[in-house]
Amino acid sequence: MMTFQPVSLRSRVILLTTVAVGFLHHTDHVLRADHSGWPFIRDVTPFTFSLLAYPILFFALFGSSWRLGLRAGLLTVLTIFTIGAHTLIETPQMQYASWAFNRSIDPALGPIPNLLCTQSPELGIAAVVTSLLLNCLLLAATTSVLVDLRRKNGLEPGTAMRT
C-alpha cells in the first residue's frame with residue numbers, strides 16, 4: 001500500500017514558494033506577450049510546455065514515499081530546463097526590454113508590445129528578478145528534496161553509504 005510521505009518542512013516551504021514565484025513569472029510571460037503561448041494565445045510554444053512545472057512541483061510536494069527518488073529526478077529535469085530556457089530562449093535582456101521599451105527584442109518574434117502597452121524599466125527589473133529568483137528557488141528545491149532522499153535512505157552526511 002502506498003502511503004503519503006511529505007517532504008521535509010524545509011522542502012515544503014521552498015516548493016510552495018517556488019509555486020508562488022512561478023505563478024508570478026508565468027503571469028509576467030502572459031503580460032509581456034512575446035514569450036507567451038497556448039492557452040493564452042493560439043500557438044503552442046515553450047511557454048505551453050513550461051506549464052507542466054506545476055504538476056511536477058505538486059508531485060514533488062505530495063507524492064508517495066517510495067517515489068521520492070522520482071520526485072527528485074523530475075525536479076532536477078525541471079530545474080535544468082528552466083535555467084536553460086532563461087539562458088537560451090528568453091534571456092534577462094529580453095525580459096527587461098519587453099517592459100522597459102514596450103517591445104520585444106527577440107529577433108525571431110519582432111517588436112511585439114506588452115499587453116499593458118506600458119514602458120517601465122521598473123517592471124523590466126521586476127521581471128528579471130522574478131525569473132532569477134525562480135531559478136534559485138528551483139535549485140534550492142531540488143537540493144532540499146535530494147537531501148530528503150538521502151535522509152530517507154539513511155545516507156546522512158558523514159556516514160558510510162549502504163551497499
Side-chain angles (χ1 to χ4, degrees), residues 4 6-63 67-68 70-148:
F4 168 72
V7 290
S8 66
L9 177 60
R10 175 197 62 243
S11 292
R12 280 182 277 168
V13 169
I14 295 170
L15 285 163
L16 287 170
T17 304
T18 303
V19 169
V21 171
F23 182 76
L24 285 174
H25 179 65
H26 277 109
T27 301
D28 174 62
H29 267 279
V30 172
L31 292 175
R32 281 188 287 118
D34 60 346
H35 285 273
S36 187
W38 184 89
F40 300 99
I41 63 173
R42 289 180 181 224
D43 300 327
V44 173
T45 67
F47 168 89
T48 306
F49 297 103
S50 74
L51 296 174
L52 291 171
Y54 299 103
I56 292 170
L57 290 167
F58 284 113
F59 179 65
L61 270 167
F62 302 115
R67 292 197 175 162
L68 191 55
L70 178 60
R71 292 151 76 178
L74 287 172
L75 273 174
T76 301
V77 170
L78 175 62
T79 300
I80 291 167
F81 275 104
T82 301
I83 292 172
H86 292 156
T87 304
L88 303 171
I89 298 173
E90 179 203 29
T91 66
Q93 295 87 353
M94 290 176 184
Q95 295 167 8
Y96 176 79
S98 292
W99 289 114
F101 311 124
N102 187 24
R103 64 178 168 78
S104 173
I105 61 167
D106 187 335
L109 299 174
I112 298 171
N114 62 60
L115 292 183
L116 302 180
C117 293
T118 300
Q119 192 169 352
S120 170
E122 296 81 12
L123 285 176
I125 291 168
V128 170
V129 168
T130 301
S131 178
L132 293 173
L133 179 60
L134 179 60
N135 291 346
C136 292
L137 284 166
L138 282 166
L139 280 170
T142 301
T143 301
S144 186
V145 172
L146 285 169
V147 168
D148 293 345

Contacts of Phe49 meeting ring pair (Phe, Tyr, Trp, His ring centres under 6.0 Å) (sequence neighbours excluded), chain-then-number -> none
Value for CZ (Arg12) from CG (Leu9), rounded to nearest 0.5 Å, stands at 5.0 Å
To the nearest 0.5 Å, atom CG of Asp106 lies from atom CZ of Arg32 at 10.5 Å
- prompt: Does any non-hydrogen side-chain atom of Val7 lie less than 4.5 Å from one of Leu15?
  reply: yes
Value for CG (Leu116) from CG (Leu123), rounded to nearest 0.5 Å, stands at 7.5 Å
Heavy-atom check, side chain of Arg10 versus side chain of Asp148, under 4.5 Å: yes
Can you confirm if the aromatic rings of Phe40 and His29 lie within a centre distance of less than 6.0 Å?
no
| said: Quick check: do Leu61 and Leu57 have side-chain heavy atoms less than 4.5 Å from each other? | reply: no
Between Gln119 and Ala100, the two heavy atoms sitting closest are CG-O, 2.7 Å
Distance col, row Asp43:CG vs Trp38:CH2, nearest 0.5 angstrom, shows 12.5 Å
**Request:** Check whether any side-chain heavy atom of Gln95 sits under 4.5 Å from a side-chain heavy atom of His35, and report yes or no.
**Result:** no
Rounded to the nearest 0.5 Å, the CD atom of Glu90 sits from the OG1 atom of Thr45 at a distance of 10.0 Å
Minimal heavy-atom distance between Trp99 and Ala127, with the atoms involved, is CD1-CB, 3.9 Å
dist Arg103:CZ -> Ile112:CD1 (nearest 0.5 Å) comes out at 12.0 Å
Taking every heavy atom of Arg71 against every heavy atom of Ala60, the minimum-distance pair comes out as NH2-O, 2.9 Å
For Ser98 and Ser104 the tightest heavy-atom approach is OG-CA, 4.1 Å
In terms of heavy-atom contacts, Val30 and Ser36 come closest through CA-OG, 3.8 Å
message = If you define the side chain from C-beta out and look only at heavy atoms, does anything of Leu75 sit under 4.5 Å from Leu146?
response = no
Got Ser144 and Ser8 here, is their nearest side-chain heavy-atom distance under 4.5 Å?
yes
- Non-hydrogen side-chain atoms of Leu138 and Leu78 separated by less than 4.5 Å: yes
Those residues at least two apart in sequence (or on a different chain) that pass side chain to side chain donor-acceptor pair (under 3.5 Å) with Thr79 are Thr142
Tell me, do Thr118 and Asn102 make a side-chain contact under 4.5 Å, heavy atoms counted? no
Here the pair of heavy atoms bringing His26 nearest to Ser50 is NE2-OG, 2.8 Å
